[in-house]
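This structure is a prediction, so every number in the text was calculated from the model and none was measured.
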Amino acid sequence: QSALNDRKDRVAEYNLLMDVIDEKVSYIEDAATANEVVEWAKALDGHIWGSKAVSAQRIDEKAKELGLSIGKEKKYRDAV
């Protein structure tokens, strides 16, 4: 029973983290804000399970929607 409760708590933490990630991604409107969110996600100590990969995927999807590209220095840049 304790393991089940621990699992439920961890799932709740993961869902809250994903909500925060989604909120951060929603703020992306250009290359500068995309790079800020990338740095935030990299620096986050509290990643749970695959949240780091999911955040990278969601940032990349938003960047593609905005027509951003990645330069040689691995930073987003605005469409030319």
Item to check | Salt bridge present between Lys75 and Glu39 (N-O < 4.0 angstrom) | outcome: yes

Checklist outcome for this item: Contacts of Glu61 meeting salt bridge (charged side-chain N to carboxylate O under 4.0 Å, His left out) (sequence neighbours excluded), chain-then-number -> none

Item to check | Interatomic distance, Glu36 atom CD to Lys24 atom NZ [nearest 0.5 angstrom] | outcome: 9.0 Å

Checklist entry - Short question: side chain of His47, backbone of Ala41 - any donor-acceptor pair under 3.5 Å? => result yes

Checklist entry - Is the backbone N or O of Ala56 less than 3.5 Å from a side-chain atom of Asp60, with the two atoms forming a donor-acceptor pair by type? => result no

Item to check | Atom pair NZ/CG of Lys74 and Asn35 - distance to nearest 0.5 Å | outcome: 13.5 Å

Checklist entry - Can any side-chain N or O of Ser55 pair as donor or acceptor with the backbone N or O of Ser51 at less than 3.5 Å? => result yes

Checklist entry - Does Val20 sit in a hydrophobic cluster with other residues, and if so which ones, taking ILVMFWY side chains as linked at heavy-atom separations under 4.5 Å, directly or through other members? => result Val11, Tyr14, Leu17, Met18, Ile21, Val25, Ile28, Val37, Val38, Trp40, Leu44, Ile48, Trp49, Val54, Ile59, Leu66, Leu68, Ile70, Tyr76

Item to check | Ser2/Asp6 under side chain to side chain contact (heavy atoms under 4.5 Å, CB included): CA gap, chis, key distance, verdict | outcome: CA-CA 6 Å; Ser2 178; Asp6 289 347; 4.0 Å; yes

